[in-house]
Amino acid sequence: MNWQTAAVLVAAFAAAGLLSYRQHLGYQRAVNRVATEENRAGVLLVTGRAKGRLRGAVVLLVLDRRRNEVVRALAMEGASVFATIRERPDLRGPAAALASRATSKPLRRAVSDALTMARRLTA
């Protein structure tokens, strides 16, 4: 291995690290924004994640505890650091049937993780 190859590898790792950090900051901003906008009595903000070999998913759910209903849902799906948090109106509705409305396997696992967290928090 010559020094040019090593320099390219170091640059690639640095770029991946910076892009990962940028993605984390976007996620953090989304969580803070949703927490501020949905700050009212009877509402719970939970997150769930699913890691896969090639793809993963993160979901933010705002649950109305009285009606057991998802009033707002955001999700980040993808295989790269370019995935962003997006509103998912298709996930709104009764929490009991939420997993059936998820469109992909990683998203279903992330939704299941979030609902498990919600059950632990409300118990």
Side-chain angles (χ1 to χ4, degrees):
M1 177 187 302
N2 55 17
W3 71 271
Q4 290 98 346
T5 305
V8 167
L9 286 174
V10 168
F13 281 119
L18 288 173
L19 290 171
S20 294
Y21 183 67
R22 181 184 150 275
Q23 185 180 47
H24 170 72
L25 289 179
Y27 170 77
Q28 186 178 7
R29 275 192 297 271
V31 170
N32 289 337
R33 180 176 39 86
V34 170
T36 302
E37 292 171 358
E38 303 292 339
N39 186 16
R40 60 184 187 270
V43 172
L44 182 66
L45 172 65
V46 293
T47 63
R49 71 180 184 134
K51 292 172 69 175
R53 275 171 50 174
L54 298 177
R55 294 180 43 122
V58 175
V59 69
L60 300 170
L61 300 176
V62 178
L63 297 167
D64 185 341
R65 290 189 278 181
R66 288 169 275 182
R67 295 183 294 165
N68 195 28
E69 186 174 294
V70 177
V71 293
R72 188 169 179 187
L74 294 94
M76 176 171 53
E77 290 184 274
S80 73
V81 293
F82 299 111
T84 58
I85 295 275
R86 292 189 173 98
E87 291 280 344
R88 293 293 302 263
D90 56 322
L91 296 177
R92 293 182 192 154
L98 183 58
S100 65
R101 292 191 305 269
T103 56
S104 67
K105 188 175 178 180
L107 188 59
R108 273 192 295 278
R109 288 197 321 258
V111 163
S112 175
D113 186 41
L115 292 177
T116 301
M117 180 184 288
R119 275 188 234 106
R120 278 189 274 157
L121 290 173
T122 57

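- Minimum heavy-atom separation, P106 to A50: O-CB, 3.2 Å.
- Within the structure, salt bridge (Lys or Arg N to Asp or Glu O under 4.0 Å) contacts touching residues 19-37 (residues at least two apart or in different chains) are E37-R72.
- Every residue meeting the side chain to side chain donor-acceptor pair (under 3.5 Å) condition with Q4, not counting sequence neighbours, appears here in chain and number order: N2.
- By the side chain to side chain donor-acceptor pair (under 3.5 Å) test, R40 pairs with E38, sequence neighbours left out.
- Residue pairs meeting the side-chain hydrogen bond (donor to acceptor under 3.5 Å, both in side chains) criterion with at least one partner in residues 45-68, sequence neighbours excluded, are D64-R67.
- In this structure, L115 shares a hydrophobic cluster with L44, V46, V59, L61, L63, V70, L91, L98, L107, V111, M117, L121, the cluster being traced through Ile, Leu, Val, Met, Phe, Trp and Tyr side chains under 4.5 angstrom apart.
- Legend: residues meeting side chain to side chain donor-acceptor pair (under 3.5 Å) with S100, ordered by chain and number and at least two apart, are absent.
- Residue pairs that meet the salt bridge (Lys or Arg N to Asp or Glu O under 4.0 Å) test with at least one member in residues 7-19, sequence neighbours left out, do not exist here.
- Partners of R88 by salt bridge (Lys or Arg N to Asp or Glu O under 4.0 Å), not counting sequence neighbours, listed by chain and number: E77, D90.
- Pairs passing the salt bridge (Lys or Arg N to Asp or Glu O under 4.0 Å) check and including a residue from residues 103-123, sequence neighbours excluded, do not occur.
- What you find for A110 and A57 is that their closest heavy atoms are CB-O, 3.8 Å.
- Grouped by direct or indirect side-chain proximity (heavy atoms under 4.5 Å, Ile/Leu/Val/Met/Phe/Trp/Tyr only), L74 sits with Y27, V31, V34, V43, L45, V58, L60, V62, V71, M76, I85.
- Under the side chain to side chain donor-acceptor pair (under 3.5 Å) criterion, N32 pairs with no residue, sequence neighbours left out.
- Using a 4.5 Å heavy-atom cutoff, the side chains of E87 and R92 are in contact.
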Below 3.5 Å, can you tabulate the donor-acceptor pairs from side chains in residues 10-21 to any protein atom, sequence neighbours excluded?
from, atom 1, to, atom 2, distance (Å)
S20, OG, A16, O, 2.9

